[in-house]
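The structure appears below as structure tokens.
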Amino acid sequence: MSTSNTQSIHPYILSGGSGTRLWPLSRKSYPKQFLKLVGDDSLLQQTIKRLDGAAFAQPSVLANNDHRFIIAEQMQAMGISARDIILEPVGRNTAPAALIAALRAGEEDPNALVLLLPSDHVIKDVQKFQDTIISGASEAANGHLVTYGITPTAPETGYGYIETSGNDVVRFVEKPARKKAEKYLAAGNFYWNAGIFLYRAGTMIDAFAAHAPSILENCRKALEKADHDLDFLRLDQASYGACESISLDYAIMEKAKGIKCIPLSTEWNDLGAWSAIWDVMDKDEDGNVTKGDTVLHNTTNSFVHSTHGTCLTTVGLDNVLAIATKDAILLASKDHAQDVKIIVEKLQAEERSEATEHRRVYRPWGWYEQLSEGERFQVKALMVLPGKQLSLQSHYHRAEHWVVVSGTAEVRVGEETKLLSENESTYIPIGTVHRLGNPGKLPAMLIEVQSGSYLGEDDIERYEDDFGRIKD
């Protein structure tokens, strides 16, 4: 992706958010950046494609440990490998992440240009985006911290703003009230803060040395003590956890001098709520956006989205959000789209799994999905990818029955290993060491019936694992 006559820009993509305002599709275990909300690619994949150009080096991703295999799989599906997938043991906002990117890029060259950007934005004009990013390279190479401001099209109160004088940043402004936002729009020298930054690695390191030295000390230790685990770089938990949880704006950008702002004048959306997705999607003659199995009557200006074949119907509604998954339904006014996060907070307070987990849970070997449960039993569907296998494991409190629905499964039970084909089954007694794999070229589908006194996912003892999860 780089050329010899131009200094490469090293992208570091932030992929640590949870997207609670897009519940019930976006959940902690599978947040919005991994969803195909607009188009045929996930938002993460769209971000990576946006960086495919001669000026850009191989991308790196900073991510939550729990999402590491999802990121690797989505990049693999694109035929792209990351320079780094850096795993944050705990979330510490954007300041420590920006510094880790600078330190990592600066290991090879302190003059390396680092592009820090979110993974969940929609920017349709890729060429305009690339040209605008590249236009800031000379400022960044000359030691300026560069931020990119979105040319505002409305007095939005959900975004932070950047006040400018020419290309100089005067100040960063928090999310304003409506009247202030209207003044900012009329003034013409305010931009939406998109959280996109370009900087020379050494410049950012020097800024932390001046304004947040404790974060610099802890981030350096986190990298020095980091572990290489398969294709991932695990930051040291104790050191990174000691960093203050603070945004880059607060820690550095509001204190540093000589910051430059370059306008990004193109269609942009951070998809911060369901109403934002309605804004960017094509609508029918009644102003509706629909997706999945939906039937509407006398419904206008609404977003109706159903997944997994659930038939979602609406009658006599206007300006509503209706989103249905297998285990949860959201009904809300579009005017209150930002309040969806409050519902998630209430579900979390009640310790309900719907707040964080889908019924389908993705694993590096494939996925499992809960179909039914009752006292002392549960039934799951399993999909094992070709060439993959689960860990060698045992359970203390449950037995399992596996039935192959399609494909071929290699099953080890105790010391015996055998191949199972469609409609064949096996039984794993409590405490027996076992393993399931797929030696075929097509996905293997199975039904698993668990029975026992305790059926939690933490009832597992791993002995061998292809994905380094014994330490998890």
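Worth knowing before you read on, the calculation uses all heavy atoms, side chains too, and leaves out hydrogens, waters and symmetry mates.
With sequence neighbours excluded, no residue forms a side chain to side chain donor-acceptor pair (under 3.5 Å) with Q237. Under the salt bridge (charged side-chain N to carboxylate O under 4.0 Å, His left out) criterion, E410 pairs with no residue, sequence neighbours left out. By the salt bridge (charged side-chain N to carboxylate O under 4.0 Å, His left out) test, R398 pairs with E400, sequence neighbours left out. Applying the salt bridge (charged side-chain N to carboxylate O under 4.0 Å, His left out) criterion to E369, with sequence neighbours excluded, gives K326, R360. For E373, there are no side chain to side chain donor-acceptor pair (under 3.5 Å) partners two or more places apart in sequence or in a different chain. Scored by the salt bridge (charged side-chain N to carboxylate O under 4.0 Å, His left out) test, E461 finds no partners at all (sequence neighbours excluded).
Under the side chain to side chain contact (heavy atoms under 4.5 Å, CB included) rule, Y191 has a single partner from L264, V169, T151, which is T151.
Ion pairing between R104 and D84 holds under the 4.0 Å rule for side-chain N and carboxylate O.
Considering all non-hydrogen atoms of both residues, V146 and G136 come closest at CG2-O, 3.9 Å.
Taking the six-membered ring where the residue is Trp, W192 and W268 present tilted rings, their angle falling between 30° and 60°.
Looking only at side-chain heavy atoms (C-beta outward), E464 and Q393 stay at 4.5 Å or farther from each other.
Residues F232 and F69 place their aromatic rings such that the two centres sit under 6.0 Å apart.
Figure legend: K334 and W278 shown as a cation-pi pair, the cationic atom lying under 6.0 angstrom from the six-membered ring centre and within 45 degrees of its axis.
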